[in-house]
Asker: 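The structure follows.
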Amino acid sequence: MTSENTTLISRFPYLRQDFTASLVVFLVALPLCVGVAVASGVPAELGLVTGIVGGLVTGLMRGSSLQVSGPAAGLTVLVFEAVKEFGLPALGVIVLASGLLQVAMGLLRLGRYFRAISVSVVEGMLAGIGLVLVAGQLYPALAAKAPDSGLDKIAGLPGAFLDALGDGRAVASLAVCAGTIAVLLLWKHVPAKLRTLPGPLAAVGLATVAVFALDLPVATVEVQGLLGSVQPPPLSAFGELAGVGMLGTILAFTLIASAESLFSAAAVDRLHSGPRTEYDKELLAQGAGNTVCGLLGALPMTAVIVRSAANVQAGARTKASRVLHGVWLLLFAALLPDVLAHIPIPALAGILIHSGVKLVPVRALAVLWREHRGEALILAVTAVSIVAVSMFEGVLIGLAMAVVKTAWQASHVRLEVVDKGAGPVEAHLSGNATFLRLPKILDSLESLPQDRPVRLDLSGLHHLDHACRTALENWAERHSAAGTEPVRLTVPVG
């Protein structure tokens, strides 16, 4: 062994493992990058650009060493809506602003606080995205144009299937999509030697061969070339930052991308025994990557659990694997862009339908309903709100429900009444008296006898908000006005 090899091994002791893992992640990422871009309504090459940035920029930075970033199915719906409303040139502005916000939050050490977001809200968000994604991708699978809103996508599916029955082009497209999903589902049962090829790549590869061999009349990916697709946002697009709609979209991008990345990091940490995620630095890395993506006019990025899990399972030990996967994506985009033109769009739809179904936590929802019905309700309402209204409003509704539920559970209050039949009635309040429990408190106090003096002891309360204090004082005045001895109040200290 030469001295150069010895030096290389000493500097990169896990180079062999990371090199092998990088190839696996590249093969998993390639069809997903293209599929997410096509589903988002942008050139396919922009998905590769985001994957490249995720490897070469975010991959080099500290945070979660084995987590892999790129375009994610979870943002597909939001990107599609943003491009439709503001146009493709404005996408770069939105992604750039979101990235800068993430960088600011990372520098302010706010990354750790994303772990405080209710898991039910995040799962509901992903479930809503999954439902819209599946419904939306069934249309390209049927060689049809998808409606705009989530509800219209779902409502229009029966008609789209009926229209497809007499259309040979639609039937061929649906067959390619169904075949792709079948390969994905059955791939875990093929011999181990074949499984070295990732399922998504195998499914798209087989679909491409079938379309070519059988000369099927299905749509394929439109290719513009890498340099032709990269369009930095023009200065005129920055003027739209003054609009409320774009600011709301930027906040939605930032919230969803950050939450998904940091929850993914927590999941990846459970898959390996290496260094744990530094959440503030991971948020900073995600922000740096999105800032670069915005400058290039590309798709937004998040950490992607599918690629990250493949990275860990392939034996990656350091961040070198994710950096190398970005190198392989760059070489592919530079040297073999014409390959994209042979990929059938219904095959990519099948990949995303498979991914979208996995975003809907059916089993988790059943368990939550049995054990924590309040959390199950938050999950379901968040998902339905995203489908019925929009991504941003759906997430806000879910967060509001989570806050109200927590406040309700935290405001436990107990009223104990001691009535010896003669003399004053003793009433003791303990716990946390907030406006949420005010109706219960007042109902109990108003049921006390009007012709007896009352001593109301509030010293057992840990918290007494202004609304409760005012209502209790008003009740005491009303009770005293009935001609009895004034109510004696013992208020908590502080």
Asker: Can you list every pair that meets side-chain hydrogen bond (donor to acceptor under 3.5 Å, both in side chains) and has a residue in residues 347-370, with sequence neighbours left out?
Answerer: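 Passing the test, one end in residues 347-370: no pairs.
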
Asker: Determine whether V38 and P140 make a side-chain contact, defined as any pair of heavy atoms from C-beta on separated by less than 4.5 Å.
Answerer: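 SC-SC contact between V38 and P140 ruled out.
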
Asker: Is there side-chain contact between V339 and F332, with heavy atoms separated by less than 4.5 Å?
Answerer: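 Of all side-chain heavy-atom pairs linking F332 with V339, at least one is under 4.5 Å.
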
Asker: For the residue pair P344 and V176, what are the closest heavy atoms and their distance?
Answerer: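 Taking every non-hydrogen atom into account, CB-CG1, 4.3 Å.
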
Asker: If you apply the rule side-chain contact (heavy atoms from CB on, under 4.5 Å), what do you find for F161 with L174, and how did you get there?
Answerer: CA-CA 10 Å; F161 274 101; L174 183 59; 4.3 Å; yes

Asker: Atom CD1 of I397 and atom CD1 of I386: how far apart are they, to the nearest 0.5 Å?
Answerer: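 Output value for this atom pair is 9.0 Å.
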
Asker: Do the side chain of K319 and the main chain of L60 share a donor and acceptor less than 3.5 angstrom apart?
Answerer: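 Yes, because the side chain of K319 sits within donor-acceptor range (under 3.5 Å) of the backbone of L60.
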
Asker: Does a side-chain heavy-atom distance below 4.5 Å link I378 with K405?
Answerer: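 A side-chain contact under 4.5 Å exists here.
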
Asker: Suppose the criterion is side-chain hydrogen bond (donor to acceptor under 3.5 Å, both in side chains): which pairs have a residue in residues 63-83, not counting sequence neighbours?
Answerer: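 Matches after skipping sequence neighbours: S64-T277, Q67-S264, Q67-E282, S69-Q286.
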
Asker: Can you list the residues that meet the side-chain hydrogen bond (donor to acceptor under 3.5 Å, both in side chains) rule with Q102, with sequence neighbours excluded?
Answerer: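 Once residues adjacent in sequence are excluded, the partners of Q102 under the side-chain hydrogen bond (donor to acceptor under 3.5 Å, both in side chains) criterion are S258, N290.
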
Asker: Within this structure, what is the CD-CG distance for the pair E375 and L377, rounded to the nearest 0.5 Å?
Answerer: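 Nearest 0.5 Å value for the CD-CG distance: 9.5 Å.
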
Asker: Show your working on side-chain contact (heavy atoms from CB on, under 4.5 Å) between K145 and Y139 and close with a plain yes or no.
Answerer: CA-CA 6 Å; K145 186 179 184 301; Y139 287 90; over 6 Å; no

Asker: Please list, one pair per line, the donor and acceptor atoms closer than 3.5 Å that link side chains of residues 227-238 to other protein atoms, with sequence neighbours excluded.
Answerer:
from : atom 1 : to   : atom 2 : distance (Å)
S229 : OG     : E45  : OE1    : 3.2
S229 : OG     : G225 : O      : 3.0
Q231 : NE2    : G228 : O      : 3.1

Asker: I need the L100 CG to T291 OG1 distance, nearest 0.5 Å.
Answerer: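 Rounded to the nearest 0.5 Å, the CG-OG1 separation comes to 4.0 Å.
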
Asker: With a 4.5 Å cut-off on side-chain heavy atoms, are I351 and T180 touching?
Answerer: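 Yes; the side chains approach each other to less than 4.5 Å.
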
Asker: Listing request: all side-chain hydrogen bond (donor to acceptor under 3.5 Å, both in side chains) pairs with a residue in residues 304-316, at least two apart in sequence or in separate chains.
Answerer: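 For residues 304-316: N311-S321.
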
Asker: Mind checking the CG-CG spacing from L108 to D280? Nearest 0.5 Å is all I need.
Answerer: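 Separation between the atoms: 9.5 Å.
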
Asker: So do the side chains of F212 and H342 get within less than 4.5 Å of each other, counting heavy atoms only?
Answerer: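 No, every pair of side-chain atoms sits at 4.5 Å or beyond.
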
Asker: If you round to the nearest 0.5 Å, how far is CD1 of I343 from OG1 of T220?
Answerer: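 Result: 9.5 Å between the selected atoms.
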
Asker: Under the side-chain contact (heavy atoms from CB on, under 4.5 Å) rule, what do E240 and V93 come out as? Steps first, then yes or no, please.
Answerer: CA-CA 9 Å; E240 295 190 51; V93 176; over 6 Å; no

Asker: Using residues 46-58 as the side-chain source, report each donor-acceptor pair under 3.5 Å to any protein atom, sequence neighbours left out, with the distance given to one decimal.
Answerer:
from : atom 1 : to   : atom 2 : distance (Å)
T50  : OG1    : L46  : O      : 3.2
T50  : OG1    : L299 : N      : 3.1
T50  : OG1    : L299 : O      : 2.8
T58  : OG1    : A285 : O      : 3.3

Asker: Rounded to the nearest 0.5 Å, what's the gap from CE on M105 to CG on L283? Could you check?
Answerer: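 Those atoms lie 5.0 Å apart.
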
Asker: Assess whether side-chain contact (heavy atoms from CB on, under 4.5 Å) is satisfied between L255 and L251, documenting all intermediate values.
Answerer: CA-CA 6 Å; L255 173 66; L251 287 175; over 6 Å; no

Asker: Looking at every non-hydrogen atom in both residues, tell me the closest pair between W187 and L194 and how far apart they are.
Answerer: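 Heavy-atom minimum between the residues: CZ2-O, 3.3 Å.
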
Asker: Checking L201 now: which residues fulfil side-chain contact (heavy atoms from CB on, under 4.5 Å) with it, not counting sequence neighbours?
Answerer: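 With sequence neighbours excluded, L201 shows a side-chain contact (heavy atoms from CB on, under 4.5 Å) to L27, L30, P31, L197, given in chain and number order.
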
Asker: Is any side-chain heavy atom of V83 closer than 4.5 Å to a side-chain heavy atom of S40?
Answerer: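 No, every pair of side-chain atoms sits at 4.5 Å or beyond.
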
Asker: Over all heavy atoms of both residues, which pair between V221 and A44 is shortest? Give the atoms and the distance, please.
Answerer: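 Taking V221 first and A44 second, the nearest heavy atoms are CG1-CB, 3.5 Å.
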
Asker: What heavy-atom pair brings L88 and P43 nearest, and what distance separates the two atoms?
Answerer: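 Smallest heavy-atom distance, with atoms named: CD2-CD, 4.0 Å.
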
Asker: Which heavy atom of V28 sits nearest to which heavy atom of A310, and what is that distance?
Answerer: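 Looking at all heavy atoms of both residues, the closest pair is CG2-CB, 4.2 Å.
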
Asker: Mind checking side-chain contact (heavy atoms from CB on, under 4.5 Å) for L324 and listing every partner two or more places apart, or none if nothing turns up?
Answerer: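 Applying side-chain contact (heavy atoms from CB on, under 4.5 Å) to L324 gives F19, S22, W328.
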
Asker: Going by side-chain contact (heavy atoms from CB on, under 4.5 Å), name the residues that satisfy it together with Q17, two or more places apart in sequence or in a different chain.
Answerer: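 Y14, R317.
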
Asker: Can you see which heavy atom on A127 is nearest to which on P361, and at what distance?
Answerer: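 Looking at all heavy atoms of both residues, the shortest contact is CB-CD, 3.6 Å.
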
Asker: Considering residues at least two apart in sequence or located in another chain, which fulfil the side-chain hydrogen bond (donor to acceptor under 3.5 Å, both in side chains) criterion with D163?
Answerer: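 Not a single residue meets the side-chain hydrogen bond (donor to acceptor under 3.5 Å, both in side chains) criterion with D163.
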
Asker: In this structure, are over 12 heavy atoms from other groups packed under 6.0 Å from R62 atom CZ?
Answerer: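 No, because the 6.0 Å sphere around CZ of R62 holds 12 heavy atoms or fewer from other groups.
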
Asker: Is there side-chain contact between V68 and V304, with heavy atoms separated by less than 4.5 Å?
Answerer: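 Of all side-chain heavy-atom pairs linking V304 with V68, none is under 4.5 Å.
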
Asker: Quick one: list whatever passes side-chain contact (heavy atoms from CB on, under 4.5 Å) with V171, sequence neighbours left out.
Answerer: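 Per chain and number, V171 pairs via side-chain contact (heavy atoms from CB on, under 4.5 Å) with no residue.
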
Asker: Show every salt bridge (Lys or Arg N to Asp or Glu O under 4.0 Å) that has at least one partner inside residues 184-197, sequence neighbours left out.
Answerer: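 Sorted pair list comes back empty.
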
